Amino acid sequence: DSGVTQTPKHLITATGQRVTLRCSPRSGDLSVYWYQQSLDQGLQFLIQYYNGEERAKGNILERFSAQQFPDLHSELNLSSLELGDSALYFCASSVEPTSVSGNTIYFGEGSWLTVV
Amino acid sequence: EDQVTQSPEALRLQEGESSSLNCSYTVSGLRGLFWYRQDPGKGPEFLFTLYSAGEEKEKERLKATLTKKESFLHITAPKPEDSATYLCAVQAFHTDKLIFGTGTRLQVFP
């Protein structure tokens with residue numbers, strides 16, 4: 001158990017809908033990362049937050065957004081869902097931005113999203 | 001562009017048959033190279049971080065090594081429970097994100 005908690009574990013929704021994925025980082029971790037893993041691609045970095053502020057943005061679609069709250073949990077919002085958005089979405093956390101400290105990034109168990 | 005290539009894509013081993021997985025990378029200034037293990041439907045599990053060429057780290061039957069262009073994950077006398085996908089990722093100095101390869105799917109048969 002990495003200590004990173006993600007909910008829900010599985011989610012099935014229809015095209016055009018909106019979903020929210022939730023992540024609680026490890027105790028004491030201030031930095032949260034979101035990654036997407038689909039069958040035909042490896043893990044793709046979406047976005048990173050550090051202590052409530054957006055720190056880096058990767059291949060995140062405009063239909064997707066995220067935020068990190070004062071209690072450090074994070075949410076990834078996916079809207080106007082398309083079939084191609086079906087994937088495993090992982091949250092990860094580290095104590096500080098790893099470029100500062102070199103700390104390891106620990107991953108949660110992921111949220112399976114199926115868009116039908 | 002920072003890039004990671006892992007080979008082979010899949011590897012089948014008999015229990016006890018040692019082998020190596022390769023991770024080749026290009027990155028504009030390597031801060032760290034990470035190895036993760038991922039079981040089907042699960043999140044990546046951290047194994048090692050290597051920071052400089054020549055560095056080696058070991059954990060049970062696994063040993064990771066690093067050169068300026070690639071990393072190897074050596075598996076000595078593997079057991080069926082070592083079956084998983086092994087992911088390699090690099091982190092550049094200018095960013096916090098990890099750039100992953102597509103992994104090597106290892107199957108160890110008794």
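All of these numbers come straight from a predicted model, not from anything done at the bench.
With rounding to the nearest 0.5 angstrom, the CD1 atom of A:Ile105 is 10.0 Å from the CZ atom of B:Phe46. Of the inter-residue distances, the one linking B:Lys97 atom NZ with A:Gln44 atom CD reads 9.0 Å to the nearest 0.5 angstrom. Atom CD of residue B:Gln38 and atom CZ of residue A:Phe90 lie 4.5 Å apart, to the nearest 0.5 angstrom.
Within the 4.5 Å cutoff, side-chain heavy atoms of A:Leu43 are placed close to those of B:Pro44. A heavy-atom distance below 4.5 Å is not found between the side chains of A:Thr104 and B:Phe48.
No single ILVMFWY cluster, assembled from side-chain heavy atoms under 4.5 Å apart, contains both A:Val32 and A:Phe45. Under the 4.5 Å side-chain heavy-atom criterion for ILVMFWY residues, a single connected hydrophobic cluster contains both A:Leu81 and A:Tyr89. Under a hydrophobic clustering in which Ile, Leu, Val, Met, Phe, Trp and Tyr are joined whenever their side-chain heavy atoms come within less than 4.5 Å, directly or via other members, B:Leu87 and B:Leu21 fall into different clusters.
More than 12 heavy atoms of other shown residues, nucleotides or ligands fall within 6.0 angstrom of atom NZ in B:Lys57. Applying the 6.0 Å contact sphere to CD of A:Glu62 captures no more than 12 heavy atoms from other residues, nucleotides or ligands. The number of heavy atoms from other shown groups lying within 6.0 Å of CZ (B:Arg105) does not exceed 12. For B:Gln14, the CD atom counts as densely surrounded, since its 6.0 Å shell holds more than 12 non-hydrogen atoms of other residues, nucleotides or ligands. Summarising the local packing, CZ of B:Arg12 is surrounded by 12 or fewer heavy atoms from other residues, nucleotides or ligands at distances under 6.0 Å. By the 6.0 Å contact criterion, CG on A:Leu61 is enclosed, its count of non-hydrogen atoms from other residues, nucleotides or ligands being greater than 12.
Neither the backbone nor the side chain of B:Ile99 comes within less than 4.5 Å of any heavy atom in chain A.
Within the 3.5 Å criterion, the main-chain N or O of B:Leu98 finds a donor-acceptor partner in the side chain of A:Tyr35.
By a heavy-atom distance cut of under 4.5 Å, A:Phe107, A:Gly108, A:Glu109, A:Trp112 are the residues of residues 107-116 of chain A near chain B, going up by number.
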